[in-house]
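Notes for the one structure printed next.
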Amino acid sequence: MSWGTELWDQFDSLDKHTQWGIDFLERYAKFVKERIEIEQNYAKQLRNLVKKYCPKRSSKDEEPRFTSCIAFFNILNELNDYAGQREVVAEEMAHRVYGELMRYAHDLKTERKMHLQEGRKAQQYLDMCWKQMDNSKKKFERECREAEKAQQSYERLDNDTNATKADVEKAKQQLNLRTHMADENKNEYAAQLQNFNGEQHKHFYVVIPQIYKQLQEMDERRTIKLSECYRGFADSERKVIPIISKCLEGMILAAKSVDERRDSQMVVDSFKSGFEPPGDFPFEDYSQHIYRTISDGTISASRQESGKMDSKSTVGKAKGKLWLFGKKPKGPALEDFSHLPPEQRRKKLQQRIDELNRGLQKESDQKEALNKMKDVYEKNPQMGDPGSLQPKLAETMNNIDRLRMEIHKNEAWLSEVEGKTGGRGDRRHSSDINHLVTQGRESPEGSYTDDANQEVRGPPQHSHHSEFDDEFEDDDPLPAIGHCKAIYPFDGHNEGTLAMKEGEVLYIIEEDKGDGWTRARRQNGEEGYVPTTYIDVTLEKNSKGAVTYI
């Protein structure tokens, strides 16, 4: 099937069809371009999503250790790789499909323009041949009419008896001239007709079929190119499917790697304090104190009034000293981690020792490398000056000595905490508890909290304690709202705290506000803050005097 034979008279239709084919090609190219933009935006949004949920780690201590967290971050990494594959799809489409389509469309326009120009030139040449043939035909027709008129004029004069012989001869000559000219035009017309017929046959059977054949081949190549681009469009994504499948498999493996038992153990390792649970509380018979108070009578009342007077003066003085400058800031972490409970302290010290050992090994390797380089320089002076390495060697030696001292110091601390932890019985002795207080549970800047990562806090600030409270020493002390018994001894070295012995009973005059400290008072009126975790609190409205068990 050929356009040249089947569509020999459809030049304008083929012109429109080939233009439509180029327009369709460009429309598909626009479709591919928009698909590329979608892929690029999708990949960009995925990368932004991964960046948003990836942890911003500033130190190794903040790295996730739970298997569920590690699995999530592995999934984020796989998703980031998946986004990269979407970018690969976009790049492949841009290079293999869109770029190829735009280049081919430009070449197609140029080729179409050339073929159509050749067709128009051939048509113009045929029109010119037709005009020449038509002109010769008209001229031959005109000469024939003139010769016919001359024939009629000659016959009329020849039959006219009155016409002279000269007129007849002249009419005969005119007839011969017109007849000759008609014959010449006839020959010209015949030649032009033959030429036109030849050119017309050549036009419709040779030139136009050839041009239409080229247009047909061009249009078929356009169709083939579209087919190749359709295939390339799909292949661009099919090529990355294996990699995308690996990304998805990686996500599944990350999900399977979650270990709830391991995470639970890590919670234990992260928050275990190393303390032993407290033992049973003894029964305290407060009725003896009541009976003794009744039997004492007036003397007891006088003693209470005297105690009340002492309490008022003591409280007034204490109030003037409690946290004059507002709430104390959180204390910094101590170098020996004594602010932490034993187990967490042991863990931190072990981590530091391991890190120092790695640093020591690195410095030792550097020292060995410098010594080898120094030996090479001494044997081959042309390679370098051995003396130039001396400052670096000295610096390395200083670093090694410093690291060794740090390791020794931390190992001593580790031995101390391991010894204390290993020698502790079922119930902590008062000396052990005093040691713990000194290490990490002393207030206000050594207070231990349940959260191993939380910084220690000092006693709270109360607005009614100010430097002007000395002026109000005669005010009545705060009423007792209950009593408490000390589970562990507390030294109370810091300002604003109250020392107590194990088993001592105190008045509660202010509850814990959530900061880990409770305000208490002795029978003699001395007030201060004690750690809430060191006491057993019983709140009651009519608490009697404190009793000390020794």
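Excluded from the calculations below are hydrogen atoms, water molecules and symmetry mates; all remaining heavy atoms, backbone and side chain alike, are included.
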### Query
Taking the side chain as C-beta and beyond, is there a heavy-atom pair between Lys392 and Gln366 under 4.5 Å?
yes
### Task
State plainly whether the residues Glu228 and Lys225 are in salt-bridge range, i.e. N to O under 4.0 Å.
yes
### Residues Lys362, Asp365: salt bridge by 4.0 Å N-O rule
no
### Task
Might you point out which heavy atoms bring Asp259 and Thr67 nearest each other, and give the distance in Å?
N-OG1, 2.9 Å
### Query
Can you find a pair of side-chain heavy atoms, one from Gln216 and one from Leu7, that are under 4.5 Å apart?
no
### Query
Which value, rounded to the nearest 0.5 Å, describes the distance between Met251 atom CE and Asp81 atom CG?
8.5 Å
### Query
Hey, is Asp219 close enough to Arg222 for a salt bridge, meaning N to O under 4.0 Å?
yes
### Message
Minimum heavy-atom separation for Ala90 and Gln40, please, with both atom names.
### Response
CB-CG, 3.7 Å
### Task
Taking all non-hydrogen atoms of both residues into account, name the closest pair between Val89 and Ser236 and its distance.
CG2-O, 3.7 Å
### 4.5 Å side-chain heavy-atom contact, Leu25 and Lys109
no
### Message
Would you compute the distance between atom CD of Glu411 and atom CG of Leu356 and round it to the nearest 0.5 angstrom?
### Response
9.5 Å
### Message
I want to check something: taking the side chain as every heavy atom from C-beta on, are Val267 and Phe66 in contact at a cut-off of under 4.5 Å?
### Response
yes
### Query
Can a donor-acceptor pair be found between the side chains of Asn357 and Gln361 at a distance below 3.5 Å?
no
### Residues Asp235 and Arg96 bridged, charged N to O under 4.0 Å
yes
### Message
To the nearest 0.5 Å, what is the distance between CG on Asp375 and CG on Leu389?
### Response
10.0 Å
### Message
One thing to verify: whether Arg35 and Glu39 come together as a salt bridge, which I'm taking to mean a side-chain N less than 4.0 angstrom from a carboxylate O.
### Response
yes
#### Entry: Any Leu506 side-chain heavy atom under 4.5 Å of Leu498 side chain
yes
### Query
Does His115 reach the side chain of Glu111, with side-chain heavy atoms less than 4.5 Å apart?
yes
### Glu26 and Asp23, any side-chain heavy atoms less than 4.5 Å apart
yes
## Note on the structure
Between Lys367 and Leu393 the two heavy atoms that sit nearest each other are O-CD2, 4.1 Å
### Task
Return yes if some donor-acceptor pair links the side-chain N/O of Glu78 with the main-chain N/O of Ile244 below 3.5 Å, else return no.
no
### Candidate pair Gln351 and Phe337, rule side-chain contact (heavy atoms from CB on, under 4.5 Å), full reasoning
CA-CA 12 Å; Gln351 290 177 354; Phe337 299 112; over 6 Å; no
### Query
Is the closest basic N to carboxylate O distance between Glu100 and Arg103 below 4.0 Å?
yes
### Query
Step by step, would you call Val240 with Glu92 a side-chain contact (heavy atoms from CB on, under 4.5 Å)?
CA-CA 10 Å; Val240 302; Glu92 185 72 10; over 6 Å; no
### Task
Look at the side chain of Asn74 and the backbone N and O of Ile70, then say whether any donor-acceptor pair between them is shorter than 3.5 Å.
yes
### Summary
Thr518 and Glu510 have their tightest heavy-atom pair at CG2-O, 3.4 Å
### Message
With rounding to the nearest 0.5 angstrom, report the OH to OG1 distance, Tyr212 to Thr5.
### Response
11.5 Å
### Task
Taking the side chain as every heavy atom from C-beta outward, state whether Lys246 and Gln85 have any atom pair closer than 4.5 Å.
no
### Query
If you round to the nearest 0.5 Å, how far is CZ of Arg47 from SG of Cys54?
11.0 Å
Please set out all donor-acceptor pairs under 3.5 angstrom arising from side-chain atoms of residues 397-405, sequence neighbours excluded.
unit_1	atom_1	unit_2	atom_2	d
Asn398	ND2	Ala394	O	3.2
Asn399	ND2	Glu395	O	3.3

### Distance, nearest 0.5 Å, that separates CG of Leu215 from CD of Gln210
10.5 Å
### Aromatic ring pairing Phe233/Phe31, orientation class (parallel under 30°, perpendicular over 60°, tilted between)
tilted
### Task
Output yes when a side-chain donor or acceptor of Thr110 lies under 3.5 Å from a complementary backbone atom of His106, and no otherwise.
yes
### Summary
Of all heavy-atom pairs linking Val530 and Ala520, the shortest is CG2-CB, 4.4 Å
